[in-house]
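Notes to accompany the following structure.
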Amino acid sequence: MFHKSKTVFVSQLLFVFILIGVFLTLMMLLHNKHYLLFSFMVLLCSILPAYWKFEKQPLKTQTMMFVAILVALAVAGRVPFAALPSIQAASFVIIVGGISMGPELGFVTGSTTALVSNMFMGQGPWTPWQMFAWGLMGLTAGLIGTTKLRKNLLFMVLFGGAWGFFFGWIMDLWFALQYVSPLSIKGFILAFANSALFDLYHALSNIVLITLLYQPWEKLFARLDRKYQFLPTKK
């Protein structure tokens with residue numbers, strides 16, 4: 001039964017990623033026109049895994065409110081630091097939120113954070129890619145949240161540091177595909193190299209915040225989960 005549910009989960013994720021890939025490709029083929037429409041398409045895709053998981057057991061009001069609070073915290077952790085590229089607390093909140101709420105709601109939290117925060121910082125063709133990158137960050141954090149690794153601070157520090165680079169590489173991929181012409185290995189290398197310092201800042205920001213705040217935040221969210229049972233099916 002467990003193997004069957006795991007297979008279904010992987011199949012559903014693959015379907016969602018293919019859909020997102022199609023939308024991102026269409027946006028580039030249309031020369032970044034209608035990027036807001038594609039942003040909402042990516043948002044709908046990120047909601048699908050949560051919809052499938054909770055189809056027979058609807059989410060509680062408390063759960064949806066907590067997800068909204070997580071998004072608000074992540075936005076508040078990003079917008080004030082707009083003048084400091086890649087240094088913000090949004091990724092930290094998304095990681096802790098994913099750990100606490102699971103991969104499906106972690107995906108929703110990450111993608112929604114990008115869309116909402118860009119309402120303050122400026123929407124653009126980069127928004128759907130940021131939504132996918134932060135959504136994937138929340139999803140992978142949620143997968144770790146189902147294991148004992150969530151209690152290992154060193155592992156979480158390394159995870160956060162790695163995602164500082166992974167996030168940047170996803171955005172570098174968009175930049176290279178969209179603006180490097182003609183496409184070449186050298187062009188890709190230059191695109192990735194130019195953002196290396198900003199990726200490092202993002203990684204260090206995640207490392208510092210996780211080192212200082214992860215354990216108390218994780219314990220707080222765990223207590224809230226026990227009290228309100230955000231995910232009653234979680235074992």
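Below, each value reflects all heavy atoms present in this structure, side chains not excepted, and no hydrogens, waters or symmetry copies. All figures in this text were calculated on a predicted structure; none of them were measured in a lab.
- No more than 12 heavy atoms of other residues, nucleotides or ligands lie within 6.0 Å of CD1 in Ile185, so this atom counts as exposed by the packing criterion.
- By the neighbour-count criterion of 12 heavy atoms within 6.0 Å, atom CZ of Phe188 is densely surrounded, having more than that number from other residues, nucleotides or ligands.
- Classification of the Phe155-Phe159 ring pair by plane angle, with boundaries at 30° and 60°, yields parallel.
- Hydrophobic clustering (side-chain heavy atoms under 4.5 Å, transitive across Ile, Leu, Val, Met, Phe, Trp, Tyr) groups Met101 together with Met64.
- There is no side-chain donor-acceptor pair under 3.5 Å between Trp134 and Thr112.
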Quiz item: Step by step, would you call Phe92 with Trp217 a ring pair (Phe, Tyr, Trp, His ring centres under 6.0 Å)?
Solution: CA-CA 10 Å; Phe92 166 75; Trp217 278 51; 5.1 Å; yes
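- Around NZ of Lys33, the count of heavy atoms belonging to other residues, nucleotides or ligands within 6.0 Å does not exceed 12.
- Remark: Met28 CE is packed, more than 12 non-hydrogen atoms of other residues, nucleotides or ligands lying under 6.0 Å away.
- In this structure, the side chain of Thr140 engages the main chain of Met137 through a donor-acceptor pair within 3.5 Å.
- Within a 6.0 Å sphere centred on OH of Tyr228, other residues, nucleotides and ligands contribute 12 heavy atoms or fewer.
- Of the residues listed (Ile18, Leu14, Ile20), the one engaging Val16 in a side-chain contact (heavy atoms from CB on, under 4.5 Å) is Ile20, and it is the only one.
- Counting only distance, with no hydrogens or angles, the side chain of Ser86 and the backbone of Phe198 share a donor-acceptor pair below 3.5 Å.
- In summary, the aromatic rings of Trp129 and Phe132 are positioned with their centroids too far apart to meet the 6.0 Å limit.
- If you run side-chain contact (heavy atoms from CB on, under 4.5 Å) between Gln12 and each of Tyr51, Phe17, Trp52, only Trp52 comes through.
- The closest donor-acceptor contact from the side chain of Gln123 to the backbone of Leu115 lies under 3.5 Å.
- Ring centroid separation for the pair Trp126 and Tyr35 does not come in under the 6.0 Å cut-off.
- Taking the six-membered ring for Trp and thresholds of 30 and 60 degrees, His202 and Phe167 have ring planes more than 60 degrees apart, a perpendicular arrangement.
- With hydrogens and angles ignored, the 3.5 Å screen pairs a side-chain donor or acceptor of Asn194 with a backbone N or O of Leu190.
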